[in-house]
Structure formats: C-alpha cells, structure tokens
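Per chain, numbering begins at 1; letters A, B, ... match sequence-line order.
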Amino acid sequence: MSIPKILIYGFFVTAVLLIGYFVENYYYLQVLTFIGINTLLALGLNMLMGYAGQISLGHGAFYGIGAYTTAILTVNYQFSPWLSLPCAILLAVTVAFLVGLPTLKLSGYYLGMGTLGFGMIAFIIFREWTSLTGGASGFVGIPSLEAGFISFSSARNYFFLVWAVVLINLIVCGRMIQSRMGRALRAIHDSEKAAMAVGINTMHLKLQIFVFSAAVGALAGFLYAHYISFISPGTFDFLASVRMVTMVVIGGMASIWGALLGAALLTLLPEWLHAFADFEMIVYGLIMMIVMILLPRGLTRGLLDLYEKAGEGTGKGHDN
Amino acid sequence: MITDSAEPEYSPLLKTAAVSKSFGGLKALSDISFEVPKGIVQGLIGPNGAGKTTLFNVITGAYLPDSGSISFLGKEIRGKKLHQIVKMGIARTFQNVELFESMTVIENVMVGCHVRTRSGFWGAVSRIPKVLREEKMIRDRAEELLAFVGLEKESGKKSSDLPFGWQRLLEIARALASDPLLLLLDEPAAGLNAVETRQLGELLGKIRDLGITLVLVEHDMSLTMKISDNILVLDRGCILARGTPREIQSDEAVMSAYLGKSK
Ligand SMILES: Nc1ncnc2c1ncn2[C@@H]1O[C@H](COP(=O)(O)OP(=O)(O)OP(=O)(O)O)[C@@H](O)[C@H]1O
Ligand SMILES: [Mg+2]
C-alpha cells in the first residue's frame, strides 16, 4: 500500500545529486541551500507540533543560539567550527531544558507563551549585547567550513553538505516515529488522557522532544552562519519563529516530508513576492488560515486525501 | 482471621481508606473505604453520577483525592504519578473508549507495553540489536494479546475503523499489555449487543484465570452478577451496600436506590 521507504530515500538522494550536479546558477544553488536549512528548522519543530502537540513561538531563538554561538566561538576564540558545533547544540539544549521544564509542567499552551517570551528576550540579547554579538549591525567574518581537503566555501559543496544533513535528520526523525518513543509521542497526540493511562510520562516526553527540536534548530543556525558568514539579529526575530510555525502548518503537521514541502514553499514565496515584503506577517497569517480551513491536516495530507477520494470516486476500491 | 493459621498474613491487593473527592461543592466520593483481595472480580455498581468513574480516576492517580489513603500491594500510592502507578501494576479502560485513533490496532497495544520496556531516543536512532530485540518483543507480545481478545486479524487496521465492540476489546488488550495485577474496567459492556456482551463475559473470565484481579464497573446487571465475586454499591458518593451478588440482589436499599424499584 505505501511506497517502500528505501525507494523514497533513493529518490530523494538521486534528486539532490542531480540538482547539485546540474544546477550551475549560483542564485539557484543558494535558494536550494536555504530550502535545506529551513527544512531542518521545520523538521525539528514538526516533531514538537505535529507529534507532541505543543507549539513553540520562539524557535527563532534556538536558530539564533546556534548561529551566534558558532560565530562567537570561531571568530573571537578561534574554535574549530567542528568544536563549536557541539558547543552550540549543548547551549541550545540546556536553554531549551530550562525554558521547557517549568512551562511543560503546566498543561495547555504554556510552552507557546513561555517560548514566545523567551524568543523575544533572546532577540533583545542578540541585538543589544553589542560587545558580544555585534548588535544590530551584525556579526561579520564567520569562517566557512572545511573538512580535510574538502572546502565548503563553494556553493555547490555547501548545498551537498546541507542536504546531507537534511537526509540524516529525515532518517533520524523517521526512525524516531517508528519506535517506542515515537509511538508514545503519537499516542499523546491522539489522546493525552489515554497516553497517561498507559503509563507514558507525557511531560518528560514533551520535554525531550522540545529539547530535540531546539538542538535541530541550533544545527540549522550553525549551517546558516557558516554559509553566509554574516549574521544579524533580524534573522532570528519573532517573524522567523512565525515563519517556522507556518512551514510546519503548511507542510502538514506530523509528516516529515511535509516539513520539506512547507520549507520549500516558504523559502520560495518571499523570493517570488518581493512586493509583499512589508506584509510578510499578514501573508503568513492568511496562508495559515486558508490551510487550516481548507486542508486542516496540511497541504501534503490534504492533497493525498483528495487523491484518495478521487480514487474512490472512480470506483477503485481500497482494501485495507 | 484466626481460622487458618497456615495462610500468610492477609493483605488486600488494593485498599482505600476514607477516600474523599469533591468537585466544587459536589461530593463525588465521601469516605470510601473498601478492599479488593487478590484474584477476585470486584463488581462496582451504582446509578449515574454515583462516583464510580471518579473512584477509578482517584485510584489510578488521575485525580488526587482530597483526603484518605490508597494502598496497593501494601504501599501507599496516593500522590504518585499515573505512570508510576501503571508501572506498579494498575491498568484501566475508559467508559468512553479512548483509543489512539490515528494508530493501527497493533500499535495501540504496542503503546500499552510502554511501562515494561525501556528504549528511548538514542535507541530509536541507533537501532542497535538490543533495541531491535525489544521492538520485536513488543510486537510479539502485542500480537499475542490481540489473539487473546480475538482481534489478531485486525492488527493492521486503523483503530478508529474497528466496529465499536471491537474497540472495547482493543482497549482491554492495550490495558493488558502493561502486565497489570489489577485491571479497572469502566463499563466494558456499554454499547455492546447481547452476543458481544456474552463474549466479553467469557473474556473477563479468561483474564481472571490469568490471575489478574478485576474491578468491574458495569450497568449490565446480569453480567455483573454472574462474574463478580463481590459487589460494592455506590450512591451519590457513598457506599450503599457491599456483599456477594446474591446478597446485593436481595438488598432492599439497593433495589430502591439503584434499580429504581420502589417497594
Ligand atoms: N472532572 C470533574 N469535574 C467536575 N465534576 C465531576 C468531574 N468528574 C466527575 N464529576 C461529577 O462527579 C459525580 C460523579 O461522577 P462519576 O463520573 O464518577 O459518576 P459515575 O458513577 O461514573 O456515573 P456514570 O454511571 O454516569 O458513569 C458526578 O456528579 C459528576 O458530574
Ligand atoms: Mg462513569
């Protein structure tokens, strides 16, 4: 009934290889790389929103923590980026734990509120702690990545690097979902009451997933910083957090491939609609409303449902 | 108590002492004290709103009682978290079936094994042999339980696609997956037809034969009377009567309060 996983991954890898090999245009490669980075952001958040049923309105902060930590450590303290990466992730994980623990203890949408506030505080720190972060004018001179004789300063190599990381994350998330932990997560999503009654420590699990999504956000921030070598607070503001939530909603919560679709759409949209730059927030709001009303399970699921309906309409029976 | 000296000191599996729970001004449970010995089927009946479900919620740790104590296996469990209580060996089903609807039938039972298994994030990602072995064990156990309740042919279906009667059976299989010593069943026959109710009765007998102690909340009197060793009658949060099915059936207070038959 469903397509074998190996085929899906095979198709994905082939597509990445072909695109990376044949696309010459620097601008296209850059956009495609950003799609990859945004996919990472959406993937992490998708686990939290789609599976654990919690929302984070401050995920831009973890993205920023990843970017600023590696910027500061590599430029000011001459760390190797491969050493600053675990530091960045560790910091994001610690902060997520501290933000998540008290807010997840309360049921309901306290995590949403807690992360909203936390995102704002983080943004203010990025902007105002000028001596450390470069303030509003940003942080320049972040070195590009190198691994042995491979230099990732070329746009093509970076494209491959980012998409390799995306692939790994897709596999990680896919494995997570098909595990004891993933089943418990999906159980919480379906009925928290029953999940607790079968003995799932729901708070603990939600906290784990929140921390995981923060770590993936920091990883994306790391890749972003070493790619464009210049970061400024605006990239990690509230709008960035809203953009991530929109990606997840459009892609269809609780679908790892949906995250890719949502990320692609929201990366391309601003490129196509420069005129809307000032109204970005309104556009996202409208998109979310439309998706929620017409396709409440997201674009991916919605399209699949339509497809299945069409199949039934033409008399194709489905045997379960 | 002193009749049989060979018997080890009697201690009930579950014991509540003066448990009370109010919602605002409403006393849903007042001073409930009762014991459930190991291995029996304890019936729990009473009119709507008597507090039966609330009693389950209090025992499983879903609600904290206002006062009183609850002990299981001789240990105080009042104030413990739900997952700790499940791990100690208390499982339950819900009056309004609460399945994981987007998951398959077998996955629902697999989730039920949660407290008896360990692997977490790193296990999921690494898929080392130990984790794969555990995964297989979970799947085998779930299949075994599905066969036990007679749903082995449905294992790949989405749980919400099952007919209602089978959803109830699935919920029982899921509860059994935590290897409980005590199983609390909240109106398992509600919504079942006569044939399904009879089959449920047989299943409950099989569960009892496994050595699992049952507390059965049920409005279906013939089922309750037939299978219960002991019955506790609640009314408006208080214990109205207790005794064997025969005693309960001939109890006038029960007859008038619960069965609505005025003399
Ligand atoms: N969470 C709650 N908040 C407020 N009141 C509640 C809550 N749970 C139960 N009650 C009230 O407590 C009383 C006992 O309810 P309970 O559900 O335990 O009854 P029951 O014996 O299970 O009844 P039924 O046979 O209808 O299931 C009822 O009056 C009910 O309205
Ligand atoms: Mg009830």
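With chain B as partner, the option from A187(A), S179(A), G174(A) having the largest number of non-hydrogen pairs under 4.5 angstrom is A187(A). Here A195(A) is the residue among A184(A), C173(A), A195(A) with the most heavy-atom pairs under 4.5 Å with chain B. Each of S102(B), A62(B), G123(B), S178(B) has some count of heavy-atom pairs under 4.5 Å with chain A, and the biggest count is that of S102(B). Between chain B and the options L205(A), I200(A), I209(A), heavy-atom pairs under 4.5 Å are most frequent for I200(A). Among the candidates R183(A), Q208(A), M181(A), M196(A), the residue making the largest number of heavy-atom pairs closer than 4.5 Å to chain B is R183(A).
Heavy atoms closer than 4.5 Å to chain A are found nowhere in T93(B), neither backbone nor side chain. Contacts of F121(B) with chain A are made by both backbone and side-chain atoms, with heavy-atom separations under 4.5 Å. For chain A, the nearby part of L99(B) is the backbone; its heavy atoms alone come within less than 4.5 Å. Proximity to chain A involves both the backbone and the side chain of R127(B), based on heavy atoms less than 4.5 angstrom apart. For Q84(B), no part sits under 4.5 Å from any heavy atom of chain A, backbone or side chain. In this structure, chain A has heavy atoms under 4.5 Å from both the backbone and the side chain of S119(B).
Listed for the R180(A) side chain is a donor-acceptor partner under 3.5 Å among the backbone atoms of H114(B).
The two residues F100(B) and A194(A) have their closest heavy-atom pair at CE2-CB, 3.6 Å. Counting all heavy atoms, side chain and backbone alike, A124(B) lies closest to R175(A) at O-CB, 3.4 Å. The shortest non-hydrogen separation linking V198(A) to V86(B) is O-CG1, 3.7 Å.
Using a 4.0 Å cut-off between charged side-chain N and carboxylate O, K193(A) and E98(B) make a salt bridge. We find that R186(A) and E101(B) are not joined by a salt bridge, their nearest charged nitrogen and carboxylate oxygen being 4.0 Å or further apart.
Within 6.0 Å of OH in Y9(A) there are more than 12 heavy atoms belonging to other residues, nucleotides or ligands. The environment of F164(B) atom CZ is dense: over 12 non-hydrogen atoms of other residues, nucleotides or ligands sit within 6.0 angstrom. The number of heavy atoms from other shown groups lying within 6.0 Å of NZ (K130(B)) does not exceed 12.
Scored by the salt bridge (Lys or Arg N to Asp or Glu O under 4.0 Å) test, R168(B) finds no partners at all (sequence neighbours excluded).
At least one side-chain heavy atom of Q178(A) sits less than 4.5 Å from a side-chain heavy atom of E107(B).
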Before giving the answer on side chain to side chain contact (heavy atoms under 4.5 Å, CB included), spell out for D190(A) and M103(B) the whole-Å C-alpha distance, their side-chain angles and the decisive distance to 0.1 Å.
-> CA-CA 8 Å; D190(A) 282 4; M103(B) 300 168 73; 3.9 Å; yes
